[in-house]
Amino acid sequence: MSDPRPILFFDSGVGGLSIVAPARRALPDARFVYAADSAGFPYGVKHESEIAGRVPALLGRLAERYQPRLIVIACNTASTIALAAVRSALDIPIVGTVPAIKPAAALSVTRTIGVLGTAATVRQAYVDDLAARFAGDCQVIRHGSADLVTLAEARLRGEPVGPEVVAAAIAPLLAAPGGDRIDTIVLACTHFPLLEAELATAIGRRVNFVDGGAGIARRIAHLTQGQSFAHALPDEAVFTGAIAPGLEEALAGYGFNRCVHL
């Protein structure tokens, strides 16, 4: 018998769509629900205690409403802070999104890696651990930017994003000691792959960009291997707050033709 339970993706905003895209390619028959905590956006400037309390409570409500087979926390900030608490609270598989430092270290020739995320992500001990375990022979330069998150949301809504504002947002990363040797940048916020072209233009030299989207898609496929899928209900996006003008059209491009409020 086909199983109608969806896969639920969760983010503070629309950055998690960069995870949805490879997941759709891996599981074209699965039903997806996308949840954006627009009432709590952005997470990257919030205190850890607020995120640690908010995310498990919200995912509990979403799990009750949608009965998902699996939840993807498609947000580096929420994952690095609240992943363990969510796994303790919910008896379903939870896939987190963490900075892709391991594959970045494998790619880097100069052994200098940039980690570009939110301020809340790049200061986490979780990132310290990843850098120590997988990039011990690399210089790892971190930079947190709230502006890039806002710019990614604007770009998805169809608003123009000038290269000069992207360049200003990443300037501290490149100006840091050793920044001129960075050859690989970890996009440690799911919003940032939505700006990859603009980031490449702003940097003005060849760098590798690495994010966790493909790896997460493989993980989802592994955890759901052998399961059946039914698509009796449409894919939908659910928001905890206001839905910004232009977002519904953008979400339709990712397969979410219905937008609702939690």
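Just so you know, residue 1 is the first one in the sequence shown, and it goes up from there.
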* pair Pro234-Asn257: side-chain heavy atoms closer than 4.5 Å -> no
* **Shared hydrophobic cluster for Ile101 and Ile141 (ILVMFWY, side-chain gaps under 4.5 Å)** => no
* Asked: Looking just at side-chain N and O atoms, do Thr121 and Asn76 make a donor-acceptor pair shorter than 3.5 Å?
  -> no
* To do: Decide yes or no for Leu116 and Leu199: does some side-chain heavy atom of the first lie under 4.5 Å from some side-chain heavy atom of the second?
  => yes
* To do: Give a yes or no answer on whether the side chain of Ser18 reaches the backbone of Gly15 with a donor-acceptor pair at less than 3.5 Å.
  => yes
* Asked: With a 4.5 Å limit on heavy-atom distance, are the side chains of Ile182 and Thr110 in contact?
  -> no
* Structure fact -> The ring-ring contact (aromatic ring centres under 6.0 Å, His included) partners of Phe32 (sequence neighbours excluded) come to Phe9
* To do: To the nearest 0.5 Å, tell me how far Ile71 CD1 sits from Ile92 CD1.
  => 3.5 Å
* Val161 backbone acceptor or donor facing Arg155 side chain under 3.5 Å -> no
* Asked: Between Gln139 (side chain) and Pro177 (backbone), is there a donor-acceptor pair under 3.5 Å?
  -> yes
* Between the main-chain N or O of Asp3 and the side-chain N or O of Ser228, is there a donor-acceptor pair closer than 3.5 Å? -> yes
* Asked: Does one hydrophobic cluster hold both Leu247 and Leu262, with members joined at side-chain heavy-atom distances below 4.5 Å?
  -> no
* Co-membership, hydrophobic cluster, residues Val238 and Ile19, 4.5 Å side-chain -> no
* Is there side-chain contact between Leu233 and Arg31, with heavy atoms separated by less than 4.5 Å? -> yes
* Below 4.5 Å, heavy atoms only, C-beta onward: do Ile94 and Leu59 meet side chain to side chain? -> no
* Answer yes if the side chains of Asp37 and Tyr43 hold a donor-acceptor pair under 3.5 Å, and no otherwise. => yes
* Asked: Got Arg65 and Val260 here, is their nearest side-chain heavy-atom distance under 4.5 Å?
  -> yes
* Any side-chain heavy atom of Val45 within less than 4.5 Å of one from Val149? -> no
* Asked: Do the non-hydrogen side-chain atoms of Tyr254 and Leu156 ever get within less than 4.5 Å of each other?
  -> yes
